[in-house]
Amino acid sequence: MAGTTRAQNAAHAPPSAGEVEWHALSATDAFARVDSVSHGLTQAQAAERLERFGPNALPVKGPPGVAVIFLHQFLSPLIYILLAAGIVSLLIGEVTDAGFIFAVILLNAALGTFQEWKAEKSAAALQSLLKINARVRRDGEESELTADQLVPGDVVLLESGNRVPADLRLFHGKGLAIDESLLTGESLAVEKTIEPLPRHVPLGERRNMAFAGSTATTGRGVGVVVATGLQTQVGRIAKAVTSAAVTKPPLVIRMERFARQISYLVLGFVSLLAVAAVAEGIPPAEVFFMAVALAVSAIPEGLPVAMTVALSIATTRMARRHVIVRKLTAVEGLGSCTCIASDKTGTLTVNRQTVKLLWLPDGRSFAVSGEGYAGEGEVRTVEGSPPEPQDLEQLLRLARAGVLCNEGTLVRRERGWDHHGDAMDVALLALACKLGLQAERVRGELDLIGEIPYESELRYAARCYRGIEGTWVVKGAVERVLAFCDRMQSAGGAVHLDSEAVERQAQQLAENGYRVLAIAEGRSAAGELKSPLEEKDIPALTLLGLAAFIDPLRPEAPAAVATCREAGVQVMMITGDHPATALAIARQLGIAEEAGQMVSGVDLAAEGDPGSADFRQRVAASQVFARVSPLQKLHIVEALGEQGHFTAVTGDGVNDAPALRRANIGVAMGSGTDVAKDTASIIVTDDNFASVVAGVEEGRFAYDNIRKVVYLLISTGGAEIVLFSMALLFGLPLPLLAVQLLWLNLVTNGIQDVALAFEGGEPGVMNRPPRPPGEGVFNRLMIEQNLVSGLTMGLLAFAAWAWMNDRGLPETEARNLTLLLMVLLENVHVFNCRSERSSAFRVPLRRNRVLIFGVAIAQGIHILALGTPLMQKVLGVAPVSLREWFTLLALASILLVVMEIFKRLRFPAGGGPATLHPREKGLTA
Ligand SMILES: Nc1ncnc2c1ncn2[C@@H]1O[C@H](COP(=O)(O)OP(=O)(O)OP(=O)(O)O)[C@@H](O)[C@H]1O
Ligand SMILES: [Cu+]
């Protein structure tokens, strides 16, 4: 809020003296002031200015420093308990105990700090992958730069969906409108002009300026950079912009709450035990320390750190698979999503359009050879002969219109073809090249007066050139273009339009999976035109023909769709394309089979109100949504949510933002607009549907790992409670000293629980349905496995304790052995926890090398302690014989057997294939 008010104040404050009022200058004067020209700076100038003005970036508040993270470790009730215990020990003169407690606190804090600091660092590294790009003109050539490279004087090109990278004085614009809400609080996009304005207009009305941080919502524009970095308007308001607010993901919050609840429960229970112990005549001081230690044992204090580690590992793994996580929530979210609503073009297909067929209105079709964005290939009749001269003339006219109504570029370089712009546009340029037309020559002959640039909700683009009369060229979706036409071109000249024949042809092409564009031209007297063109300025047009494009499927897409099906994740396609094209592609992908699973935007609108039952039913019954508007996309996503779906929705356009925001997980495409990326919680850098599915898999891995850590911590804590309760119940002495319990929990388990978070993914996660969206970590399986393993561990340790007492072993010796048994039990139990379903023997050791290392260290440190005089004194331990060690290990292995039996009974079919995950195969190589 504070930001907004300050922004508004700034908007109304008069410009301070001495500041250049860029909006009041003419474009020419503005260029003079920044010493630049409309075809841009030279590279040398830019380099020199970058040196002088510094990078175009605002200072970002970095991740918290190590000291802050370290201090944070002490803000937990657990630490308070321990500190209290340490202080009490000091007061009653137990200096060694106190020293030990403080050492453990420090060690624990150091471990936690290290893990959290590492997680912060990798998160910061990921954020830096999300830099925004800007299109600039330098040395007269257009190229893409990261926004921080911009300097005053650079010429920047804007199009709908771009974030404005610096403050610009606009000098060229076509229907450009900019959302400046970030700066002015005004949510309506501002239409931009290029004329100079009076000096005293407020910021929000400087309509010939584009300010850094705002976003272009429609149109195109070109401007010259007048301020960068801290000199920009946003830079002056906010001296330090925090990077994407780091809020804790809900899972972490839930876990913290869960840990707190368990803590209270444990405290209550431990108090009861303490009362019982005192009643049995154990000295109160001893009982106090035992109670503290027991509380520490049973509270899953390692959980938050282990979770942070698990989530951070997941984001790193996802990044390797082209999924960049912007909001940590998305990690668990992706794993639990029950449906993915995907775009078609570019996500399921490669968006490498190629014109394959041309159709002329007098009924003839021509095949175009050659693949991809290269002007190499030929146009022939479908029978394979070269076109007749009169056909060729018509084809050339069609191709020429495709070149004129075009924003792309395609140039031959020494090494291959360079292209830029919309895929459809580039494909039309390639087509022209195949027919021997030179795009630059064609464009150079005529003078562009104005255009209606392509926006996906318009579904067409129009341009008007100055010729003898106004020459219009229009291309777009067949139904849109036909609405402007009254005639069609044939060999003998223009004839009356037979729109039925054209539509029939278009439908047939679409059913074969082609994307179809209609191309038309027309004339209007040039004098009447004002610069910003509108739809009503378009005169009656003559249809020149149809172009049919093929956009190959992504080779990985069908398999990814099949994976989703196995994983119980529904896949839906939401596209602006023609229904027949959409259905044909959906069939090839295995998303839908029959026409009944497809619904068009028009049909959907006929179902009535988006909140109505009819509408929702129709959405539920459909897999493919074609020719839908961005608003309908939002309504579809809402309907899915209301049906209890947990949806991941992909998008790339300016207008996808509301749907992405409404989705449980908004997925933006790496090549998408800045607007989409800003609202999404995940960005898929390679635009690939298969990567979204990979993200789902990684999300499930992460969630599984968190469950495993919970399992380990709760069951071992539970075991200690069982051991102590049994001892008290049978009137035996306390089985472990307070310091021993602390050692067990903060050293043995403290090392192991974090190591468990490194567990690699288990194959088979994509063979089971997603967990129900409402289900917490503590489902039935979790409760059962904790009960069984906690009881087994506790009873084994108690049996040993009771037997040793019975045999009259000295208490210290018996404690020493019981402690070692507990350490061994925990070592063994980690292997049980590595998989909730499949046998511990089926989980390859190399899937988690950190864990093997962790277990070895935990056991090694203990052995070391047994032999060190200082630790012997503090912990009350002594070395054991090899025979004793092996006997205890054998005893501990019973736990392994019990849990193997439990898993076998619980999952008779086994926990999935014993085969390695594809990535693990690579690990051995
Ligand atoms: N560059 C263009 N010029 C004119 N018309 C176009 C252009 N690109 C696409 N169209 C028309 O607009 C329709 C919608 O295309 P658009 O690219 O918006 O689909 P989309 O919704 O982005 O696709 P998807 O959702 O599958 O990614 C197309 O079917 C086509 O008829
Ligand atoms: Cu769905």
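All residue numbers in this chain count up from 1 along the given sequence. Just so you know, ligand 1 is whichever comes first in the structure, and atom 1 is the first atom listed for that ligand.
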Backbone, side chain, both or neither: what part of [X] comes under 4.0 angstrom of ligand 1, heavy atoms only?
{"X": "M424", "result": "side chain"}
{"X": "D422", "result": "side chain"}
{"X": "R515", "result": "side chain"}

Which residue holds the protein heavy atom closest to [atom], what is that atom called, and what is the gap in Å?
{"atom": "atom 13 (C) of ligand 1", "answer": "R459 CD, 3.7 Å"}
{"atom": "atom 29 (O) of ligand 1", "answer": "D577 OD1, 2.8 Å"}
{"atom": "atom 6 (C) of ligand 1", "answer": "Y454 CE1, 3.1 Å"}
{"atom": "atom 30 (C) of ligand 1", "answer": "L517 CD2, 3.7 Å"}
{"atom": "atom 27 (O) of ligand 1", "answer": "T345 N, 3.1 Å"}
{"atom": "atom 22 (O) of ligand 1", "answer": "S456 CB, 4.7 Å"}
{"atom": "atom 21 (O) of ligand 1", "answer": "G576 N, 2.7 Å"}

Problem set entry | Residue pair Y465 / E451, side-chain donor-acceptor N/O under 3.5 Å |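 The criterion, which ignores hydrogens and geometry beyond distance, is not satisfied for E451 and Y465.
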
For this session: Indicate whether the side chain of H420 and that of T409 have a donor and an acceptor atom separated by less than 3.5 Å.
Result: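 Result is no, nothing qualifies.
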
Flag the pair [X] and [Y] as a salt bridge only when some basic side-chain nitrogen lies within less than 4.0 angstrom of an acidic carboxylate oxygen.
{"X": "E511", "Y": "R587", "value": "no"}
{"X": "R321", "Y": "E698", "value": "yes"}
{"X": "D614", "Y": "R616", "value": "no"}

Atoms in ligand 1 with a heavy atom of [X] nearer than 4.0 Å:
{"X": "A477", "result": "31 (O)"}
{"X": "G476", "result": "4 (C), 5 (N)"}
{"X": "I574", "result": "25 (O)"}
{"X": "D425", "result": "1 (N)"}
{"X": "T575", "result": "21 (O), 23 (O), 24 (P), 25 (O), 26 (O)"}

Exercise. Between the side chain of R565 and the main-chain N/O of G590, is any donor-acceptor distance below 3.5 Å?
Worked result: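 Indeed, once roles are kept as given, a pair shorter than 3.5 Å links the two residues.
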
Exercise. Would a search of protein heavy atoms around atom 25 (O) of ligand 1 find one under 4.0 Å away?
Worked result: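 Yes, there is one.
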
Problem set entry | Smallest separation among heavy atoms of L497 and V502, with atom names |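 What the structure gives for the nearest pair is CD1-CG2, 4.4 Å.
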
Problem set entry | Derivation and outcome, side chain to side chain donor-acceptor pair (under 3.5 Å), residues D551 and T349 | CA-CA 6 Å; D551 177 12; T349 66; 2.5 Å; yes

Exercise. With sequence neighbours excluded, what pairs up with F615 under the ring pair (Phe, Tyr, Trp, His ring centres under 6.0 Å) test?
Worked result: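 Not a single residue meets the ring pair (Phe, Tyr, Trp, His ring centres under 6.0 Å) criterion with F615.
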
Exercise. For residues 657-686, which residue pairs qualify under salt bridge (charged side-chain N to carboxylate O under 4.0 Å, His left out), counting only residues two or more places apart or in two chains?
Worked result: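 The answer is R163-D678.
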
For this session: Check whether any heavy atom of T581 sits under 4.0 Å from an atom of ligand 1.
Result: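 T581 does not count as a contact of ligand 1 under the 4.0 Å cut-off.
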
For this session: Please confirm whether R627 comes under 4.0 Å of ligand 1, counting heavy atoms of the residue only.
Result: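 So R627 counts as touching ligand 1.
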
Exercise. What is the distance from atom SG of C485 to atom CD1 of I538, rounded to the nearest 0.5 Å?
Worked result: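 C485 atom SG to I538 atom CD1 measures 10.0 Å (nearest 0.5 Å).
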
Exercise. Do any nitrogen or oxygen atoms of K344 come within less than 3.5 Å of a nitrogen or oxygen of ligand 1?
Worked result: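 Indeed, backbone or side chain, K344 has an N or O that close.
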
For this session: Decide whether a cation-pi geometry holds between R352 and Y373; the criteria are a distance under 6.0 Å from NZ or CZ to the six-membered ring centre and an angle within 45° of the ring axis.
Result: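 Flagged: R352 positioned over aromatic ring of Y373.
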
